[in-house]
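Take a look at the structure set out below.
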Amino acid sequence: MGNFSLDPGQRARRAEVRDLARRHLAPLAEKGEPGRVNRPLVAELGRLGLLDRLFTSGALDLCLMRESLAQVSTEAETALALQGLGAHPVHAHGTEVQRTRWLPEVRAGRAVAAFALSEPGAGSDAAALALQATEEAPREGPGAVSISGSAAGRDRPRRDPHPTARRKWLLNGEKTWISNAPEADFYTVFARTGDPGTRAGGVTAFLVPADRPGLTGTPLDMLSPHPIGTLAFDDVPVTTDDVLGEPGAGFRVAMNTLNLFRPSVGAFAVGMAQAALDATLAHTARREAFGGPLKDLQTVAHQVADMALRVESARLMVYAAASAYDEGADGVPRRAAMAKLLATETAQHVVDTAVQLHGARALRRGHLLEHLYREVRAPRIYEGASEVQRAIIARELYKEETR
Ligand SMILES: Cc1cc2nc3c(=O)[nH]c(=O)nc-3n(C[C@H](O)[C@H](O)[C@H](O)COP(=O)(O)OP(=O)(O)OC[C@H]3O[C@@H](n4cnc5c(N)ncnc54)[C@H](O)[C@@H]3O)c2cc1C
């Protein structure tokens, strides 16, 4: 497909996801308890085959799903996205044992995944993370996995015919703002295996099942109810078998995941903005004031035109960034950052304008726009705040300039 238009099949799939969301997902989302993982909703996403698509199709399809779900049910959208964010590192960097154990469960919506990077002292500056993985003295054992000396560029540990030391670590520290915590069934956890000061180079990704001894968590109450919490690690044992990728290469696991997901955060924002635009068109076409519908006031009509213009530009930027990822084109980090930045900032503006054009009713508890007004705020902060996206864009531009 070209970068700038969807083919009929893609348009049909977008409509199909919206239809599934209306008929099957929104009713389950409404029955969920705010701020808790909605397991029936996750299971339904699995039954409908949408979770499967997280792992079988590319970045553009992920965007189409997220945009379509967001137009109908932000809860369903978020539940889908979090399964992808938490499980993508297992899909892309896991061993066969890890993949076989967890991915079928994630795809079926029976296991809930989470991505645990942020800490109280490491948010935007993720390389400052301090969750400590302290290595125990190595022991020899049969069937051990060699993780050192594998071929350059390979992400996966391989079974070594000559067993070497099986490494063991104890995790100590804290994670915070972790979506799906503390209810997830497993966590992709980024911990420091290198010396303090090693920053990104001293980080290892571990797959930590929720039932590991020493792992506890506490829910957090947010502006827009969302399953999210803190995690406390008190001598949580992990071994070579739990490593995702290779020791010391965990930051790459995190950044690869974010490069894939960033445009799709933009798609989530575009879906919310489209829902706000649709509601505004319907409202301003009917609401009477000063002897006619609001749409006959030129300032209103022009604001609506401006909303549509911005939503469409953001959508195109998101699709282009996702297509670039799928095609392995140049400039993926820059384009992903641009798409996330433009779409999330646009959605904030569009939802705010929609509230303005609806008047008081938009602020009534339970109104679609009251919900979107709260929901649209967080994506400008998570997976890299807008300022961080600008820093990435500038860094990439100057890299190209000075090459
Ligand atoms: C709803 C929600 C869900 C989340 N889910 C997860 C999750 O599942 N897993 C996870 O690991 N984390 C998650 N997070 C955490 C999120 O990734 C962090 O909040 C984010 O990285 C920002 O970190 P911080 O909040 O500590 O802000 P800080 O890093 O303290 O930054 C505060 C502000 O400082 C400014 N700033 C920071 N850096 C720069 C810079 N370089 N240049 C200019 N200005 C700057 C920005 O305005 C920024 O918003 C979630 C957050 C929210 C709100």
Side-chain angles (χ1 to χ4, degrees), residues 34-37 66 70 74-75 77-90 112-131 173-192 199-200 203 205-208 210 217-233 244 250-251 253-262 264-265 268-269 272 333 337 340-341 344-345 347-348 371-396 398:
R36 300 291 308 272
V37 171
R66 292 192 68 172
T74 58
E75 293 87 349
E77 192 286 332
T78 302
L80 173 111
L82 294 178
Q83 287 292 87
L85 191 64
H88 176 77
V90 182
V112 170
F115 180 87
L117 179 64
S118 302
E119 299 182 5
S124 304
D125 186 9
L129 68 85
L131 183 87
E174 201 183 333
K175 293 285 178 189
T176 192
W177 316 121
I178 307 307
S179 298
N180 279 343
E183 296 180 73
D185 296 303
F186 72 91
Y187 299 90
T188 294
V189 175
F190 299 90
R192 183 155 303 284
R199 301 233 352 132
V203 172
F206 293 98
L207 192 169
V208 182
T218 313
L220 294 167
D221 191 13
M222 308 298 277
L223 169 69
S224 197
H226 176 79
I228 188 167
T230 61
L231 292 173
F233 295 76
L244 290 168
F251 211 70
V253 174
M255 293 308 123
N256 282 349
T257 306
L258 293 177
N259 277 341
L260 168 61
F261 277 85
R262 266 187 191 135
S264 79
V265 176
F268 171 39
M272 288 191 281
K340 197 236 169 203
L341 172 62
T344 56
E345 296 288 335
Q348 178 85 50
H371 171 73
L372 292 177
Y373 194 69
R374 287 182 291 111
E375 195 71 25
V376 80
R377 192 63 186 83
R380 290 171 60 209
I381 294 175
Y382 62 60
E383 293 189 39
S386 292
E387 294 81 355
V388 171
Q389 305 306 331
R390 287 191 180 89
I392 294 170
I393 295 164
R395 183 193 69 204
E396 295 295 317
Y398 285 116

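Whatever order the structure lists them in is the order used to number ligands and atoms, beginning at 1.
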Can you name the closest pair of heavy atoms from [X] and [Y] and give their distance?
X      : Y      : answer
Leu223 : Arg374 : O-NH1, 3.3 Å
Ala127 : Ala200 : CB-N, 3.8 Å
Ala116 : Leu231 : CB-CD1, 4.2 Å
Asp125 : Arg199 : OD1-NH2, 2.8 Å

> Quick one: do the His226 and Thr78 side chains pair a donor with an acceptor below 3.5 Å?
Replying inline: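 On atom types as modelled, these side chains do not qualify, holding no pair under 3.5 Å.
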Is there at least one protein heavy-atom neighbour under 4.0 Å from [atom]?
atom                    : result
atom 16 (C) of ligand 1 : yes
atom 11 (O) of ligand 1 : yes
atom 33 (C) of ligand 1 : no

> Counting only heavy atoms not in Phe251, do more than 12 sit closer than 6.0 Å to its CZ atom?
Replying inline: yes
> Should Ser124 be counted as touching ligand 1, given the test is an N or O pair under 3.5 Å?
Replying inline: yes
> Are any of the N or O atoms of Trp177 closer than 3.5 Å to those of ligand 1?
Replying inline: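 Right, the criterion is met.
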Residue, atom name and distance, where the atom is the protein heavy atom closest to [atom]:
atom                    : result
atom 48 (C) of ligand 1 : Ala385 CB, 3.9 Å
atom 26 (O) of ligand 1 : Gly123 CA, 3.4 Å
atom 39 (C) of ligand 1 : Val388 CG2, 4.2 Å
atom 51 (C) of ligand 1 : Tyr382 CB, 3.7 Å

Closest by any non-hydrogen atom to [atom]: pick that one out of [options].
atom                    : options                       : answer
atom 18 (C) of ligand 1 : Gly121, Ser179, Ser118        : Ser118
atom 46 (C) of ligand 1 : His226, Glu387, Arg390        : Glu387
atom 19 (O) of ligand 1 : Leu82, Asn180, Leu117, Ile381 : Ile381

>> Quick check: do Phe268 and Thr344 have side-chain heavy atoms less than 4.5 Å from each other?
In response: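 They are not in contact (no side-chain heavy atoms under 4.5 Å apart), so the answer is no.
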>> I want to check something: taking the side chain as every heavy atom from C-beta on, are Ile392 and Arg262 in contact at a cut-off of under 4.5 Å?
In response: yes
Close-contact set for ligand 1 against [X] heavy atoms, below 4.0 Å:
X      : value
Phe115 : 7 (C), 8 (O), 9 (N), 10 (C), 11 (O)
Ala378 : 1 (C)
Ile228 : 2 (C), 3 (C), 4 (C)

>> Taking ring-ring contact (aromatic ring centres under 6.0 Å, His included) as the criterion, tell me which of Phe261, Tyr187, Tyr382, Phe190 meets it with Phe115.
In response: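 Exactly one pass, corresponding to Phe190.
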> Which bit of Glu383 gets closer than 4.0 Å to ligand 1, counting heavy atoms only: side chain, backbone, both or neither?
Replying inline: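 It is the backbone that gets close, since no side chain atom is under 4.0 Å.
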>> Among Lys340, Arg380, Gln348, Glu345, which residue satisfies the side-chain hydrogen bond (donor to acceptor under 3.5 Å, both in side chains) criterion with Ser386?
In response: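 Filter result, single survivor: Glu345.
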